[in-house]
Amino acid sequence: MNLMLMGLPGAGKGTQAEKIVDKYHVIHISTGDMFREAMANKTAVGLKAKSFIDQGELVPDEVTNQIVQERLAQSDVNEAGYMLDGFPRNLAQAEALDQINASLNKKLDAVIDIDVDPKLLVERLSGRFICRKCGATYHKLYNPPKVKDTCDRCGSHDFYQREDDQPKTVKNRLDVNIKMNTPLIDYYQKAGVLKRVDGAQEIDQVFAQIDAFLSEIN
Ligand code: AP5
């Protein structure tokens with residue numbers, strides 16, 4: 001199965017991706033995570049991406065398309081299938097993905113759009129914190145660890161907040177993504193692969209909608 005998860009910043013892509021991977025064992029490919037890793041390692045891609053990410057802008061398409069193309073060509077993706085998270089984000093990237101898929105003899109089976117009113121997203125992003133050791137994502141109100149200050153998944157006590165979750169950057173990230181979102185939804189609706197889920201519900205209820213859909217198409 002080859003999937004794509006779309007949704008505005010804070011809609012819950014990363015949160016649902018963890019659950020989908022646990023159950024369906026597809027390879028999770030988050031362009032945001034790839035850029036953060038490249039920035040931490042100060043690679044050429046990371047240095048290029050940093051100035052855009054710090055401003056809440058999209059990294060240029062040629063850089064983003066290239067890292068996705070390289071990742072989709074790897075053998076683990078061939079065997080298990082992929083789940084893109086945060087890519088494509090505009091029509092040019094959607095067209096690039098079609099070309100990448102064609103060149104690798106793959107096809108996108110479904111696009112899951114996690115639909116949330118933008119008004120809810122500022123609070124989701126400002127309350128988010130992440131385990132530094134394993135990357136698990138939490139929210140101080142909506143999704144705290146079961147034991148205070150202890151990661152459910154790896155037991156670490158070391159958490160951080162993302163730089164781009166500062167209020168000033170969040171506003172621009174939302175504005176940039178809202179603009180791109182509708183054309184992308186239209187594109188995948190026309191392609192007949194779009195499934196929209198109500199992302200304003202509780203995390204487990206959102207997953208139940210996704211799970212019901214995936215078990216039908218799998
Ligand atoms: P990226 O890392 O992809 O960030 P994003 O799209 O802004 O999305 P987020 O990771 O912030 O949100 P999410 O939807 O995963 O939400 P989460 O599950 O964490 O990209 C970062 C940057 O990289 C971009 O701004 C851009 O610069 C660059 N980039 C990435 N891809 C690119 C591309 N294709 N082209 C160009 N540039 C690109 O949830 C958020 C919070 O809410 C958490 O605290 C969570 O616990 C909580 N939560 C989740 N679900 C619920 C729920 N149902 N109810 C209550 N709380 C919930």
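Y142 and E123 share a side-chain donor-acceptor pair at under 3.5 Å. With hydrogens and angles left out, the side-chain atoms of Y82 and D76 include no donor and acceptor closer than 3.5 Å. Using modelled atom types, one finds no donor on one side chain facing an acceptor on the other under 3.5 Å when comparing N65 with Q93.
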- Item | From CA spacing to verdict: side-chain hydrogen bond (donor to acceptor under 3.5 Å, both in side chains), E70, Q66 | CA-CA 6 Å; E70 285 167 10; Q66 177 73 27; 2.7 Å; yes
- Task: Take S103 and Q69 through the test side-chain contact (heavy atoms from CB on, under 4.5 Å) and record every step on the way to the result.
- Result: CA-CA 10 Å; S103 72; Q69 171 146 29; 4.2 Å; yes
- Check the pair D198, Q209 against side-chain hydrogen bond (donor to acceptor under 3.5 Å, both in side chains), reporting the backbone distance first and the verdict last. CA-CA 8 Å; D198 177 5; Q209 298 172 62; 5.3 Å; no
- Dump the intermediate steps for side-chain contact (heavy atoms from CB on, under 4.5 Å) on C131 and C154, then the final yes or no. CA-CA 9 Å; C131 173; C154 74; 3.6 Å; yes
- Message: With side-chain contact (heavy atoms from CB on, under 4.5 Å) as the criterion, how do L3 and L84 come out once you've worked through the C-alpha distance, each side chain's angles and the decisive distance to 0.1 Å?
- Response: CA-CA 6 Å; L3 308 171; L84 289 163; over 6 Å; no
- Task: Show your working on side-chain contact (heavy atoms from CB on, under 4.5 Å) between Y138 and F159 and close with a plain yes or no.
- Result: CA-CA 9 Å; Y138 298 94; F159 297 96; 3.8 Å; yes
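Distance alone, capped at 3.5 Å, places no donor-acceptor pair between the Q16 side chain and the G12 backbone. In this structure, R89 contributes its side chain and G86 its backbone to a donor-acceptor pair below 3.5 Å. Side-chain atoms of H28 do not come within 3.5 Å of backbone N or O of A17 as any donor-acceptor pair. Side chain of D164 to main chain of T169: no donor-acceptor pair is present (N/O by atom type, distance under 3.5 Å, no hydrogens or angles). E216 contributes no side-chain N or O that, together with a main-chain N or O of F213, makes up a donor-acceptor pair within less than 3.5 Å. Of the possible polar contacts, one joining the D109 side chain to the N2 backbone as a donor-acceptor pair under 3.5 Å is found. Without hydrogens or angle criteria, D85 side chain to L5 main chain gives no donor-acceptor distance under 3.5 Å.
Between M4 atom CE and L194 atom CG the span is 9.0 Å, to the nearest 0.5 Å. Distance check: M39 CE to I53 CD1 gives 4.0 Å after rounding to the nearest 0.5 Å. Separating the CG atom in D113 from the CG atom in L184 is a distance of 8.5 Å, to the nearest 0.5 Å. We find the CD1-CG distance between I20 and D211 to be 9.0 Å, quoted to the nearest 0.5 Å. Here the straight-line distance linking atom NZ of K107 with atom CG of D98 works out to 12.5 Å at 0.5 Å rounding. In this structure, NZ on K179 lies 9.5 Å from CG on L58, to the nearest 0.5 angstrom.
Screening K195, R196, K13 against D115 for a salt bridge (charged side-chain N to carboxylate O under 4.0 Å, His left out) leaves a single residue, R196. When each of K171, R124, R128 is tested with D165 by the rule salt bridge (charged side-chain N to carboxylate O under 4.0 Å, His left out), just one qualifies, namely R128. Across L125, I178, L8, a single residue satisfies side-chain contact (heavy atoms from CB on, under 4.5 Å) together with R173, and that is L125. Checking M83, R71, Q74 one by one against I29, the side-chain contact (heavy atoms from CB on, under 4.5 Å) holds for a single residue, R71.
For E37, the CD atom counts as loosely surrounded, since its 6.0 Å shell holds 12 or fewer non-hydrogen atoms of other residues, nucleotides or ligands. Heavy atoms from other residues, nucleotides or ligands lying under 6.0 Å from CD of E18 number more than 12. For N41, the CG atom is densely surrounded, since the number of other residues' heavy atoms within 6.0 Å is greater than 12. The environment of K106 atom NZ is dense: over 12 non-hydrogen atoms of other residues, nucleotides or ligands sit within 6.0 angstrom.
No side-chain heavy atom of H139 sits less than 4.5 Å from a side-chain heavy atom of F129. The closest side-chain heavy-atom distance from L104 to I100 is below 4.5 Å. Side chains of T64 and F87 form a contact here, defined as non-hydrogen atoms less than 4.5 Å apart.
The hydrophobic cluster analysis finds V147 isolated: no Ile, Leu, Val, Met, Phe, Trp or Tyr side chain comes under 4.5 Å of it, directly or through other members.
Residues K19 and D22 are not paired through a salt bridge, judged by the lack of any N-O separation under 4.0 Å between the basic side chain and the carboxylate.
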